[in-house]
Amino acid sequence: MSDDYREFCHKLYLATWEEEFQKKCQNQQNPSAIQSARQAAQRQAIDKVLVEAFLKYSPKVSEGAIWKEIALIHKIHAAGLSEYGIAHGQQAEVIERCLSAHQSWIKASGHSFERYLSSIDSETLRKNEIRFILQSELTYMIRNNLLTNTSSDIQGLRSWGKDFDLYAIQSVHGDVHVFGCIQSKTSIRDRVGRDVTFSHNAMDGLFWSVGITLDGSFLNMSEFIHMVNGGGSYQRNGWHGMYAMSGIEESNDRIYKVGDTMELLIDHTVAAAKQFITDRRQLNAAWKPK
């Protein structure tokens, strides 16, 4: 496949951006206005390159390949790698390495947070024979018939796959069952639109469903407050509770501020476990720990 389209996209993006930025930035001194002009010029450049590259090279060059090239050009330009003395021929590799490192961090940090939660050492949890387990352990327990949940429960847990990161289990006279489904995120914004749907599925199945985040800054925004508590465009609450270690100053209805000992979360876990075995029918979406 010819690489002509790469040079075409690169030159057209830069030329369009420069032209649009100069037009939008004339006589501007305000840093905010300059930044807005920069972003608007970037959007114009993307739009123009996308249309003209499709017309010129498709179907000889796939739309996916063209879009990937535009994305790379945009990232290189937005990062301003030339300002750091990085040669043009090396910039694509540098960007790809940075993106790969970023994705590696997201995955590694997320798994580390999950392991942190699964290893919470609490006398209260031990007394009530409750543990937080990773999704991999749940898979093992289902495969080896180690759970006493109903067949309907097992079917749901199996079908949810990786919708949840951890599960709350309890042993009662040696019989182990899952009663809670937990989503853990280093930042609440990560895939939250999908996560709320998964949480609704769990609550509809009469499981305790909660989210735990390391950084809950976005829980200060009305959209996310409504997503958790219900309100606005959200007809009902999205979780039984959302627990944030940082980013918020105080609790707000179903949004809870917790410390590194997770004492409030532990108390609510025990309350949910008791509700599950005494009258599970009440463990619906409206349930709240007393």
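Heavy-atom basis, side chains included; hydrogens, waters and symmetry copies ignored. Computed from a predicted model, the values in this text were never measured in an experiment.
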Within 6.0 angstrom of [X] [atom1], more than 12 heavy atoms from elsewhere:
| X | atom1 | answer |
| --- | --- | --- |
| E250 | CD | no |
| K11 | NZ | no |
| Q39 | CD | yes |
| Y140 | OH | no |
| E52 | CD | yes |

On the ring face of F113, is K185 found with NZ or CZ under 6.0 Å from the centre and within 45° of the axis? no
Do we get R280 above F179's six-membered ring, with its NZ or CZ under 6.0 Å from the centre and within 45° of the axis? no
Under a 4.0 Å N-O cut-off, is there an ion pair linking D204 with R236? yes
Side-chain contact test, heavy atoms from C-beta onward, threshold under 4.5 Å: evaluate it for [X] versus [Y] and give yes or no.
| X | Y | result |
| --- | --- | --- |
| K60 | Y57 | no |
| Y234 | E223 | yes |
| Y5 | K56 | no |
| I142 | L138 | yes |

Closer than 3.5 angstrom, by distance alone: can the side chain of [X] be matched with the main-chain N or O of [Y] as a donor-acceptor pair?
| X | Y | value |
| --- | --- | --- |
| K257 | M245 | yes |
| S119 | Y116 | yes |
| N220 | G247 | yes |
| D215 | S217 | yes |
| D195 | Q183 | no |
| H177 | F276 | no |
| S100 | E96 | no |
| D165 | Q135 | no |
| T148 | V176 | yes |

How long is the straight-line distance from [atom2] of [Y] back to [atom1] of [X], given to the nearest 0.5 Å?
| X | Y | atom1 | atom2 | result |
| --- | --- | --- | --- | --- |
| L214 | S246 | CG | OG | 5.0 Å |
| K75 | I95 | NZ | CD1 | 8.0 Å |
| L147 | L157 | CG | CG | 7.5 Å |
| I133 | I169 | CD1 | CD1 | 4.5 Å |
| T139 | R158 | OG1 | CZ | 9.5 Å |
| I266 | N128 | CD1 | CG | 10.5 Å |

Work out which heavy atom in [X] is nearest to a heavy atom in [Y]; give both atom names and the distance.
| X | Y | answer |
| --- | --- | --- |
| S58 | E63 | OG-OE2, 3.0 Å |
| Q170 | A273 | OE1-CB, 3.5 Å |
| N237 | A285 | ND2-O, 2.9 Å |
| I248 | G216 | CG2-O, 3.4 Å |
| A244 | L219 | CB-CD1, 4.0 Å |
| H240 | W287 | CD2-O, 3.5 Å |

Given E20 and K48, is the salt bridge (Lys or Arg N to Asp or Glu O under 4.0 Å) satisfied, shown in steps? CA-CA 11 Å; E20 293 296 329; K48 186 170 184 178; over 6 Å; no
When you look at D153 and T150, which way does the side chain to side chain contact (heavy atoms under 4.5 Å, CB included) test go after all the steps? CA-CA 5 Å; D153 279 353; T150 65; 3.3 Å; yes
Would you check, one step at a time, whether the test salt bridge (Lys or Arg N to Asp or Glu O under 4.0 Å) holds for R194 with D163? CA-CA 9 Å; R194 294 174 54 198; D163 295 353; 5.6 Å; no
Tell me, with the steps shown, if E69 and R6 meet salt bridge (Lys or Arg N to Asp or Glu O under 4.0 Å). CA-CA 7 Å; E69 188 64 24; R6 300 180 189 275; 2.7 Å; yes
Membership question, hydrophobic clusters at under 4.5 Å side-chain separation (ILVMFWY): are [Y] and [X] in the same one?
| X | Y | value |
| --- | --- | --- |
| M242 | L265 | no |
| I255 | V258 | no |
| L283 | F132 | yes |
| F198 | M227 | no |
| V61 | I73 | yes |

Report the C-alpha separation of R97 and E93 in whole Å, then their side-chain angles, then the decisive distance to 0.1 Å, and conclude whether the salt bridge (Lys or Arg N to Asp or Glu O under 4.0 Å) test is met. CA-CA 6 Å; R97 286 191 179 189; E93 181 182 357; 2.9 Å; yes
Derivation of the side chain to side chain contact (heavy atoms under 4.5 Å, CB included) call for V270 and I130: CA-CA 8 Å; V270 173; I130 294 172; 4.1 Å; yes
Evaluate the criterion ring-ring contact (aromatic ring centres under 6.0 Å, His included) for residue pair W160 and F207; output intermediate values, then yes/no. CA-CA 13 Å; W160 292 335; F207 287 97; 5.6 Å; yes
Residue from I212, V196, N229 passing side chain to side chain contact (heavy atoms under 4.5 Å, CB included) with W239: V196
Indicate whether any N or O donor in one side chain lies under 3.5 Å from an N or O acceptor in the other, for E114 and S118. no
Compute whether any side-chain donor of one residue and acceptor of the other, for Q91 and S82, lie under 3.5 angstrom apart. yes
Assess whether side chain to side chain contact (heavy atoms under 4.5 Å, CB included) is satisfied between Q42 and Y13, documenting all intermediate values. CA-CA 8 Å; Q42 289 171 343; Y13 181 99; 3.8 Å; yes
Given T213 and Y243, is the side chain to side chain contact (heavy atoms under 4.5 Å, CB included) satisfied, shown in steps? CA-CA 6 Å; T213 180; Y243 302 82; over 6 Å; no
Step by step, would you call Q275 with W208 a side-chain hydrogen bond (donor to acceptor under 3.5 Å, both in side chains)? CA-CA 9 Å; Q275 186 65 68; W208 180 58; over 6 Å; no
